Amino acid sequence: MDSKFMQRAIELARYSMETNKGGPFGCVIVKDGAVIAEGYNRVTTENDPTAHAEIVTIRKACNTLKDFQLTGCDIYTSCEPCPMCLGAIYWARPENVYYSATREDAAGAGFDDDFIYRQLNMTHNHQTIPFIRVPNDEAVNIFKAWKKKGNKVSY
């Protein structure tokens, strides 16, 4: 862990907050000791609920690497990732994630994602937003065709 990268993530969080770019969250992605991408929360400026600092930075890093995975990379984020960012991080497969503030710290400032963590453990029929399955054989057949496809890029 290199504290200068964490400090940069925190600086980006402060910048985002002070310039009203978005919420107070920043992120830096490092490979081989060098920053390959950095970003901050842009939810309110882009009207995009997925524009969290980690998501923004993962997109930039993957574009830089021309790869959909962050093999050999470390993520430094100013706060413990929310459930959405946590999912994106696992899909990106970095080596390590370093964070500073906790999700409890974020909740104390009005960014409470605990309800999402609770929703994930509920069955669909008990979640706040109903998830209703609409069975369709064609949707399932697409996955069967994917399994047989010879020239696919697995991830």
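The shown structure was predicted, so the numbers you read here are calculated from the model rather than taken from an experiment. Side chains included, hydrogens not; waters and symmetry mates left out as well; all remaining heavy atoms used.
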**Complete:** Tracing side-chain contacts under 4.5 Å among Ile, Leu, Val, Met, Phe, Trp and Tyr outward from Ile58 reaches Ile29, Ile36, Leu65, Leu70, Ile75, Ile89, Val97
**Message:** Atom CZ of residue position Arg14 - does it have more than 12 heavy atoms of other residues, nucleotides or ligands inside 6.0 Å?
**Reply:** no
**Asked** Distance from Lys21 atom NZ to Thr19 atom OG1, nearest 0.5 Å?
**Response** 5.0 Å
**Item:** Straight-line distance of Thr50 OG1 to Arg42 CZ, nearest 0.5 Å
**Value:** 12.0 Å
**Prompt:** Should the pair Arg8-Glu11 be classified as a salt bridge under the 4.0 Å nitrogen-to-oxygen rule?
**Reply:** yes
**Prompt:** Tell me the ring-ring contact (aromatic ring centres under 6.0 Å, His included) pairs involving residues 65-86, sequence neighbours left out?
**Reply:** Phe5-Tyr76, Phe68-Tyr155, Tyr76-Tyr98
**Item:** Under 3.5 Å: donor-acceptor pair, side chain of Asp112, backbone of Ala107
**Value:** no
**Request:** Go through the steps to decide whether Thr128 and Gln119 satisfy the test side-chain contact (heavy atoms from CB on, under 4.5 Å), and finish with yes or no.
**Result:** CA-CA 7 Å; Thr128 303; Gln119 293 289 310; 2.8 Å; yes
**Message:** Among residues at least two apart in sequence or on other chains, which ones pass side chain to side chain donor-acceptor pair (under 3.5 Å) with Thr102?
**Reply:** Glu104, Asp105
**Item:** Working for side-chain contact (heavy atoms from CB on, under 4.5 Å), residues Cys73 and Glu95
**Value:** CA-CA 6 Å; Cys73 294; Glu95 297 297 317; 6.0 Å; no
**Prompt:** Could you state the interatomic distance from SG (Cys85) to CG (Asp113), rounded to the nearest 0.5 Å?
**Reply:** 8.5 Å
**Prompt:** Among all residues two or more places apart in sequence or in another chain, which pass the ring pair (Phe, Tyr, Trp, His ring centres under 6.0 Å) test with Tyr90?
**Reply:** none
**Asked** Which pair of non-hydrogen atoms, one from Ala61 and one from Ala37, has the smallest distance, and what is that distance?
**Response** N-CB, 3.5 Å
**Message:** Counting only heavy atoms not in Asn136 (residues, nucleotides, ligands), do more than 12 fall under 6.0 Å from its CG?
**Reply:** yes
**Prompt:** For the side chain of Thr45 and the backbone of Gly22, is there at least one donor-acceptor N/O pair under 3.5 Å apart?
**Reply:** no
**Request:** Check whether any side-chain heavy atom of Pro24 sits under 4.5 Å from a side-chain heavy atom of Phe111, and report yes or no.
**Result:** yes
**Asked** CD1/Ile10 to OG/Ser100 distance, rounded to the nearest 0.5 angstrom?
**Response** 4.0 Å
**Complete:** Scanning both residues in full, the closest heavy-atom pair of Ser78 with Ala13 reads OG-CB, 3.6 Å
**Fill in**
Heavy-atom nearest pair, Asn151 first then Lys149, reads OD1-NZ, 2.8 Å
**Request:** With side-chain contact (heavy atoms from CB on, under 4.5 Å) as the test, would you mind laying out the steps for His52 and Val43 before giving the verdict?
**Result:** CA-CA 6 Å; His52 289 200; Val43 169; 3.6 Å; yes
**Pairs where residues 54-75 contributes a residue and the test salt bridge (Lys or Arg N to Asp or Glu O under 4.0 Å) is met, not counting sequence neighbours** = none
**Item:** Contact check, side chains of Met84 and Ile55, non-hydrogen atoms, under 4.5 Å
**Value:** yes
**Request:** Write down the atom of Gly39, the atom of Val56, and the distance for their closest heavy-atom approach.
**Result:** CA-CG1, 4.4 Å
**Prompt:** Are the aromatic ring centres of Tyr40 and Tyr15 under 6.0 angstrom apart?
**Reply:** yes
**Message:** Checking Arg103 now: which residues fulfil side chain to side chain contact (heavy atoms under 4.5 Å, CB included) with it, not counting sequence neighbours?
**Reply:** Glu80, Tyr117
**Prompt:** Within a strict 4.5 Å, meaning less than it, do heavy atoms of the Pro81 and Thr77 side chains meet?
**Reply:** yes
**Asked** Within the distance-only criterion (no hydrogens, no angle test), does the side chain of Thr57 pair as donor or acceptor with the backbone N or O of Val28 below 3.5 angstrom?
**Response** no
**Message:** How close do Lys31 and Gly72 get, counting heavy atoms only, and between which atoms?
**Reply:** CG-O, 3.8 Å
**Asked** Roughly how far apart are Gln127 CD and Asn125 CG, rounded to 0.5 Å?
**Response** 8.5 Å
**For the student: nearest non-hydrogen atoms of Pro83 and Ile116, plus distance** = CG-CG2, 3.6 Å
